[in-house]
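These notes are about the structure you will find just below.
FYI, side chains are in, hydrogens and waters are out, and symmetry mates aren't considered; it's all heavy atoms of this structure.
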Amino acid sequence: MALTHVTLTSGRTVEISELRLTSTYGGMLEGYPFKRWNDGIVDGLARRTAAAFPNTPTHLVTPHRDHPDLPARGFGPVELLPAVTCVGFFRSSAVDPALDPVLHRSALAVAWFHTPDIPSGHTADPALRAIPWEEAAQDFEL
């Protein structure tokens, strides 16, 4: 059973059947977020997503990086990612229209950064809705 449905900008409706949320900076004990630190967080999220769903293609939605007007310190300017990392397992109808829609579906594991809201319908984050499903997802047999 789906947690929610998201309508992509392509018009395809996908369902989210699993959703994992974690704090983006939960492991940061001291210091401040900066570009190189955030690059490691983004790369790590992509690797964890691929490891969590080894038989499913993965897609990383490029996060928005905020640069507040704060003085630069030892590692450079402050750079902030959204507060929550999200990993979701998405399913939809088969990408290949020639496949039997009863026997085949498509799947994609998606990682993105956002607020704690669960995405839904046409109100989901535009970057999440812009996932290139036909290129990124993989069909499978039920």
ask   = With under 30° as parallel and over 60° as perpendicular, where do the rings of Phe75 and Tyr32 fit, or are they tilted in between?
value = tilted
request  = Hey, can you tell me if Phe90 and Trp133 have their rings parallel, tilted or perpendicular (30° and 60° cut-offs)?
outcome  =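 Ring orientation, 0 to 90° scale: tilted.
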query = Within the side chain of Asp139, is there an N or O that forms a donor-acceptor pair under 3.5 Å with the backbone of Ala94?
reply =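 Checked: no pair found.
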Between [X] and [Y], is any pair of side-chain heavy atoms under 4.5 Å apart?
X: Phe113; Y: Leu45; result: yes
X: Thr58; Y: Val110; result: no
X: His114; Y: Val84; result: no
X: Pro77; Y: Lys35; result: no

To the nearest 0.5 Å, what is the distance between [atom1] ([X]) and [atom2] ([Y])?
X: Asp96; Y: Ser106; atom1: CG; atom2: OG; result: 10.5 Å
X: Thr9; Y: Ile131; atom1: OG1; atom2: CD1; result: 9.0 Å
X: Arg36; Y: Ile41; atom1: CZ; atom2: CD1; result: 12.5 Å
X: Thr13; Y: Arg91; atom1: OG1; atom2: CZ; result: 14.5 Å

Stepwise side-chain contact (heavy atoms from CB on, under 4.5 Å) test for Phe140 and Arg105 = CA-CA 6 Å; Phe140 66 94; Arg105 307 274 291 155; 3.6 Å; yes
If hydrophobic clusters are built from ILVMFWY residues whose side chains come within less than 4.5 Å, do [X] and [Y] share one?
X: Leu21; Y: Leu80; value: no
X: Val14; Y: Phe89; value: no
X: Val95; Y: Val6; value: yes
X: Leu108; Y: Leu8; value: yes

inquiry  = Once side chain to side chain contact (heavy atoms under 4.5 Å, CB included) is applied, do any residues pair with Ala127, and if so which ones, sequence neighbours excluded?
reply    =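 With sequence neighbours excluded, Ala127 shows a side chain to side chain contact (heavy atoms under 4.5 Å, CB included) to Val61, Asp125, given in chain and number order.
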key: Over all atoms of both residues, closest heavy-atom pair of Val42 and Pro63   = CG2-CG, 3.8 Å
inquiry  = For Trp112 versus Gly88, what's the shortest heavy-atom pair and its separation?
reply    = CZ3-N, 3.7 Å
Applying side chain to side chain donor-acceptor pair (under 3.5 Å) as the test, list every pair that has at least one member in [range]; sequence neighbours left out.
range: residues 15-28; answer: Glu18-Arg20, Thr22-Thr85, Tyr25-Asn38
range: residues 40-56; answer: none
range: residues 61-73; answer: Asp39-Arg65, Arg65-Glu79, His67-Glu79

request  = Tell me yes or no: between the side chains of Ser92 and Arg12, is some donor less than 3.5 Å from an acceptor?
outcome  = yes
query = Linking Ile, Leu, Val, Met, Phe, Trp and Tyr by side-chain heavy atoms under 4.5 Å, what else ends up with Leu99?
reply = none
query = What residue pairs, at least two apart or across chains, pass salt bridge (Lys or Arg N to Asp or Glu O under 4.0 Å) with a residue in residues 52-62?
reply = none
